[in-house]
Participant: 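The structure that follows is given in the form of structure tokens.
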Amino acid sequence: METIRKTIESYGYAEVQTPTFEFLKLFEIRSGEKFRDDVFVFQDPTKYLKDEDKVVDYVLRPEYTAPICRMYITSDLCIQPKPVKIYYIGSCYRYETPQPGRYREFTQVGVELIGSPHPEADVELIILAAEVLKALKLKKFIIRINDLNILRGLLSDFDHDYDAQNRIFNAIDGAAGALRKLDLNVPINKTREGVIEEVQTELKELGVAPELSKILESFLELHGDAKEVIPRIQALVKKAPTAVKAIDNSPLKFVVEKLKNYGLIDCEIDLGIARGLDYYTNIVFEIDLPILGNQKQVCGGGRYNRLIQEFGGEDTPATGFAFGFDRLLLAYSKVHERKKPSSPVDALICTYSPDEQDWALQVAGELRKEGFKVEIDLMRRKFKSSLSNANKREIPFAIIIGPTEKEQQELTLKDLESGIQDTMTYDDALNEMKEKLWGID
Ligand code: HAM
């Protein structure tokens, strides 16, 4: 968690916290009454309610963005210079069918960047999410980006209003999610054809015309490089003027280009990303860690330029993302499990003679303070037999201290797995042990 905090704070974000429960009404402003089907709702204890009291519904926080917007409007955050950059860490609750990586109680780590309407803000935000993953040494991720204005434009050209658009988004989001899993050979008990048939039925039930349904089905398979994807979208929506305009004005190309120039090569445009939450307006994105299989989406976010105003605040553009911390932990342990030593001891200090005992005690003491488990040979074994003792016990490191090391106040660190050894300062040895044993730079 400290690595994540440090990375987020290095971009100028300050930590805030909101209550674990919120007014249900807050979420219903945007999502309507159906929202309560997927969350945990409760009321004031009846014994405290008087006849004239209105029953107030509360909800266990399902996510942070709406509560943060409420906090922004009702605190002095809204008069601070823009952009306001805040982050949070805490439990969220959703009524899910529990399964590995999908829980009813889980932890989110998220950031919100409030006040900038410019795509530079989206770029920096996505870079920050990627840097969090890199700092955790979770390097194999895929960033998928979309601009919901294109989809919204298309749907409004076919006379679907904002709320109808959100219902259609949900259908597309579910189907695209399933297709991307099939792309990565994640078993989901459905075929490609089955997913398409299901979404066709859903779209029909939502009153989507066959012509529009066909375009949306093509969107589901439309992902890849900006140069390839954008002309294909243009061809698909050429008869829909609002969608055409949305593509011309879209910051998608700018954002993807900037991310690639920064070195994030695994990022693609994905027209299937519609996001499950109802407040998104423009650029949205998701990050997948394929190592997680079925619940591979470790991060999701995007712009919600209308929400603050819908809650009664000023017209304020905003964007943000949240990581599923439990999923980060799962991925972290999968990636780093090979590094787990079979021995409970991290390093054994082997000295040439009792003359080096003082320096050995000092090195052991410092390493223990850092959190390593360190032993010094207490059997007065000869140096070679001490090393073979470390090998037999599968201790990952031997720290060798002879007269030269003692004199230079250095040490020789031997990686017993690879056999490589080198004489170095205490600080260098500390870093090497941290990297090998904990995966930290
Ligand atoms: P979300 O995609 O619903 O977005 O959730 C963000 C992340 O939380 C997901 O990518 C996933 O890793 C994790 N997550 C969601 N549900 C569960 C669950 N049941 N069990 C375990 N992990 C889960 C949001 O919540 C938005 N508020 C993000 C955002 C911030 N958008 C703008 N600002």
Side-chain angles (χ1 to χ4, degrees), residues 27-38 144-183 188-224 229-250 252 268-286 297 300 302-307 310:
F27 292 92
E28 285 185 339
I29 293 173
R30 172 84 306 279
S31 306
E33 283 189 9
K34 70 169 173 48
F35 178 80
R36 66 168 67 216
D37 294 345
D38 304 321
R144 296 178 297 120
I145 309 174
N146 192 11
D147 179 354
L148 287 186
N149 260 343
I150 301 173
L151 259 177
R152 287 203 186 278
L154 177 67
L155 297 183
S156 67
D157 284 330
F158 280 84
D159 294 330
H160 292 283
D161 67 17
Y162 197 79
D163 289 329
Q165 289 171 15
N166 285 338
R167 286 192 288 276
I168 297 171
F169 280 6
N170 272 327
I172 298 175
D173 202 51
L179 292 176
R180 294 305 160 267
K181 282 178 191 169
L182 289 171
D183 289 343
I188 57 163
N189 293 330
K190 275 181 202 171
T191 60
R192 257 194 137 69
E193 295 70 34
V195 174
I196 299 289
E197 262 169 45
E198 240 173 59
V199 75
Q200 280 169 339
T201 314
E202 244 181 289
L203 292 174
K204 200 169 167 194
E205 281 166 9
L206 291 168
V208 172
E211 188 191 351
L212 175 58
S213 185
K214 269 216 148 58
I215 302 177
L216 295 177
E217 283 162 42
S218 311
F219 274 18
L220 289 174
E221 298 286 6
L222 212 50
H223 62 106
V229 171
I230 290 179
R232 285 174 61 199
I233 314 172
Q234 277 163 331
L236 277 167
V237 303
K238 61 176 185 283
K239 287 192 206 141
T242 322
V244 170
K245 209 165 141 201
I247 299 170
D248 291 344
N249 295 333
S250 176
L252 255 187
E268 62 174 32
I269 294 181
D270 186 344
L271 266 272
I273 294 186
R275 307 281 298 132
L277 299 155
D278 287 345
Y279 45 68
Y280 291 108
T281 49
N282 312 63
I283 292 284
V284 287
F285 69 97
E286 290 178 356
Q297 192 200 306
R303 275 205 172 268
Y304 49 95
N305 285 350
R306 292 193 194 181
L307 196 60
E310 282 178 338

Participant: Apply the test side-chain contact (heavy atoms from CB on, under 4.5 Å) to residues Arg30 and Phe35: give CA-CA distance (whole Å), side-chain angles for both, the deciding distance (0.1 Å), then the verdict.
Facilitator: CA-CA 9 Å; Arg30 172 84 306 279; Phe35 178 80; over 6 Å; no
Participant: Side chains of Phe219 and Ile233, heavy atoms from C-beta outward: is any pair under 4.5 Å?
Facilitator: yes
Participant: Ignoring hydrogens and geometry, is there a side-chain-to-backbone donor-acceptor pair from Asp157 to Thr242 under 3.5 Å?
Facilitator: yes
Participant: Under 3.5 Å, is there a donor-acceptor pair between the side chain of Asn146 and the main chain of Leu148?
Facilitator: no
Participant: Got a second to check how far Leu155's CG is from Leu212's CG, nearest 0.5 Å?
Facilitator: 6.0 Å
Participant: Is Arg192 salt-bridged to Asp183, going by a charged N under 4.0 Å from an acidic O?
Facilitator: yes
Participant: So how far is it from Leu271 CG to Ile150 CD1, rounded to the nearest 0.5 Å?
Facilitator: 6.0 Å
Participant: What do the steps show when you test Glu286 against Asp173 for side-chain contact (heavy atoms from CB on, under 4.5 Å), and what is the final call?
Facilitator: CA-CA 11 Å; Glu286 290 178 356; Asp173 202 51; 4.1 Å; yes
Participant: When the ring planes of Tyr304 and Tyr279 are compared, do they come out parallel, tilted or perpendicular, using 30° and 60° as the limits?
Facilitator: perpendicular
Participant: Are side-chain heavy atoms of Thr281 and Tyr162 found at a separation under 4.5 Å?
Facilitator: yes
Participant: Is the closest side-chain heavy-atom distance between Ile168 and Leu151 below 4.5 Å?
Facilitator: no
Participant: With a 4.5 Å heavy-atom cut-off, do Gln234 and Asp248 have their side chains touching?
Facilitator: yes
Participant: As an exercise, state the distance from CD1 of Ile172 to CG of Leu203, rounded to the nearest 0.5 Å.
Facilitator: 6.5 Å
Participant: Do Val199 and Leu216 make a side-chain contact, defined as non-hydrogen atoms from C-beta onward lying under 4.5 Å apart?
Facilitator: no
Participant: Using only atom types and a distance under 3.5 Å, with no angle test, would you say the side chain of Gln165 pairs donor to acceptor with the backbone of His160?
Facilitator: yes
Participant: Look at the side chain of Asp270 and the backbone N and O of His223, then say whether any donor-acceptor pair between them is shorter than 3.5 Å.
Facilitator: no
Participant: Have Glu217 and Ser213 got a donor and an acceptor in their side chains that come within less than 3.5 Å?
Facilitator: yes
